[in-house]
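Note on naming: letters A, B, ... go to the chains in the order of the sequence lines (proteins, then strands), and numbering restarts at 1 for each one. The structure presented is a predicted model; accordingly, all values stated were derived computationally and were not measured.
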Number of protein chains: 2
Amino acid sequence: MMTLTEENYLKALFHLSTENEEVSVLDLSKSLAIKMPTVNSMVKKLSGKGLISYEKYKPLMLTQSGKRAAGLIIRKHRLVEMFLVQHLGFGWDEVHEIAEQIEHIKSQRFFDRIDQLLDFPKVDPHGSPIPDTNGEIVFQNYIKLEECVENQNIVFMSVGSSQDSFLKLIDRLNLKLGDKIKVLEIQEFDKTMRVLVNEAIEQNLSQMVAANILVRI
Amino acid sequence: MMTLTEENYLKALFHLSTENEEVSVLDLSKSLAIKMPTVNSMVKKLSGKGLISYEKYKPLMLTQSGKRAAGLIIRKHRLVEMFLVQHLGFGWDEVHEIAEQIEHIKSQRFFDRIDQLLDFPKVDPHGSPIPDTNGEIVFQNYIKLEECVENQNIVFMSVGSSQDSFLKLIDRLNLKLGDKIKVLEIQEFDKTMRVLVNEAIEQNLSQMVAANILVRI
DNA sequence: CTAAAATGTTAGAATAGTCTAACAAAAAAT
DNA sequence: ATTTTTTGTTAGACTATTCTAACATTTTAG
């Protein structure tokens, strides 16, 4: 049985591994807001459990078993987020913290029931994929709105950041997952995008925002 | 902020206090399955926080603030149990363990939403009262079926034990909260009761079972 | 009313997870 | 190719919660 702490290390390492080619002790330390020596010793411990493959001064990597374990935790997290939004009426900017706690509940059946109640969702409220019952994730090949060109038609599928302030901004812009977006114009000066949403409303999006809006063609 | 451990001590002391006139360190130790010296030091710590009033060699008591805190934890526990039964389809014998974990989630709003979703229930799936938002409990004055006499008509309102084996037995006897019960006959030898349930089915209940069936007249 | 039993307390050690300080290795910069 | 900076590691200490062993007090029984 894994402790809550160990689960958090695995999860963080998993996320970092998808974002970067190599993950250092320092990366993990920053991401968890835990000092390097602590991370170092925990990494050794998890290596002892066969969840992380660790060699001194080398980048950190999850083993197959570590990947699976992390995937299963992320699965729980995202199922819970979905439940909080769909059944308890929380906003997508409010669910992370609560899911962060509930994901550690020890009860396979609890999460199975939630999954069933939600009719086996494939993505969470932020458009991120929910790992399957083996912890396996199917990565979507979305692109950043930032990378789109003028006159391109795309669909808003996911967000690149789940930061509170970003999600609240998207809400205020009245943007929702599934919205159809047409790029009208890109300012040469600051890359600000003028877009048409659902063939109805025009909006200006800063490059930073556009970089965190993930779309499919 | 209280730790999960502290919350468990308070909750246990609260329950013991309702069952017994005086609660000793030994009682608490047994109830938590934690050794006396450990309990002793935790009790001192909680006394320092103003949650337990403690004097050496004297019975343990919750302070007002301790009672309120314990009541609020029990509120969360029972709300969650109700949710698990009503929305996730768990049996009343399966919910305790999971609620034991979820009760410690730090999010007022989460429990408020659950409360709302359940339409502000007053009792949990075992018929136990759910404390109000101030941690206040309204105790019901139910009596044990054991204490009833022949030909008495009563209603099954609550269980005196939430032990798995007892709840499963009640299920197997097809008894449900709210059922009308008529005492037909009490065996002089072993106090076994022959009862009529919902004017339809006759059942024999051992004294031990009857002692854990709480009814109102 | 004393002796034995039960209960309670203190002292000291163990574990998990955290930290700081000091040292070591690798990477980057001159 | 050294020096400096960054990153990584080791050692040792701290807190929370637990334990065992030893001792103290209270309660119960003769």
TODO: Answer yes if the side chains of B:Asn8 and B:Thr5 hold a donor-acceptor pair under 3.5 Å, and no otherwise.
DONE: no

Task: Minimum-distance nucleotide to B:Tyr57 side chain [options: D:dT25, D:dT18, D:dT9] - done: D:dT25

- [ ] Check every strand shown and say whether A:Thr38 touches a base, only sugar-phosphate, or nothing at a heavy-atom separation below 4.0 Å.
- [x] base

Open item on the list: Need two values: the first and the last nucleotide of DNA chain C, 5' to 3', having an atom under 4.0 Å from any heavy-atom of chain B.
Closed with: C:dT7 to C:dA11

Open item on the list: Tell me the interatomic distance from B:Met36, atom CE, to D:dT20, atom P, rounded to whole angstroms.
Closed with: 13 Å

Task: Under 4.0 angstrom between A:Tyr54 side-chain N/O and D:dG8 OP1 or OP2 - done: no

Task: Along DNA chain C (nearest heavy atom to each residue), the more 5'-positioned of A:Tyr9 and B:Asp27 - done: B:Asp27

Open item on the list: I need the CG-C1' distance between B:Asn40 and D:dT18, as an integer number of Å.
Closed with: 14 Å

- [ ] Would you check if there is a donor-acceptor pair between the side chains of B:Asp112 and B:Gln116 at a distance under 3.5 Å?
- [x] no

Task: Most 5' of B:Ser41 and B:Lys30 on DNA chain C, judged by nearest nucleotide - done: B:Lys30

TODO: Establish, yes or no, whether the cationic atom of B:Arg113 lies under 6.0 Å from the six-membered ring centre of A:Phe90 and within 45° of the ring axis.
DONE: yes

Task: Aromatic contact, B:Phe83 with A:Phe83 (centres under 6.0 Å) - done: yes

TODO: Give A:Lys58 one of three labels, base, sugar-phosphate or nothing, depending on what nucleic acid heavy atoms sit under 4.0 Å from its own.
DONE: nothing

TODO: Using atom NZ of B:Lys56 as one end and atom P of D:dA24 as the other, report the distance to the nearest whole Å.
DONE: 11 Å

Task: Atom-to-atom span, CD of B:Glu7 to C1' of D:dT17 - whole angstrom - done: 15 Å

- [ ] May I ask you to check whether over 12 heavy atoms, not counting those of B:Glu19, lie within 6.0 Å of atom CD?
- [x] yes

Task: Salt-bridge present (A:Lys11, A:Glu100; N to O < 4.0 Å) - done: yes

- [ ] Measure the distance from NZ on A:Lys35 to C1' on D:dG8 and round it to the nearest whole Å.
- [x] 16 Å

Task: Spacing between B:Glu6 atom CD and D:dA16 atom P, to the nearest angstrom - done: 9 Å

Open item on the list: Check this for me: does any side-chain nitrogen of one of A:Glu94 and B:Arg109 sit under 4.0 Å from a carboxylate oxygen of the other?
Closed with: yes

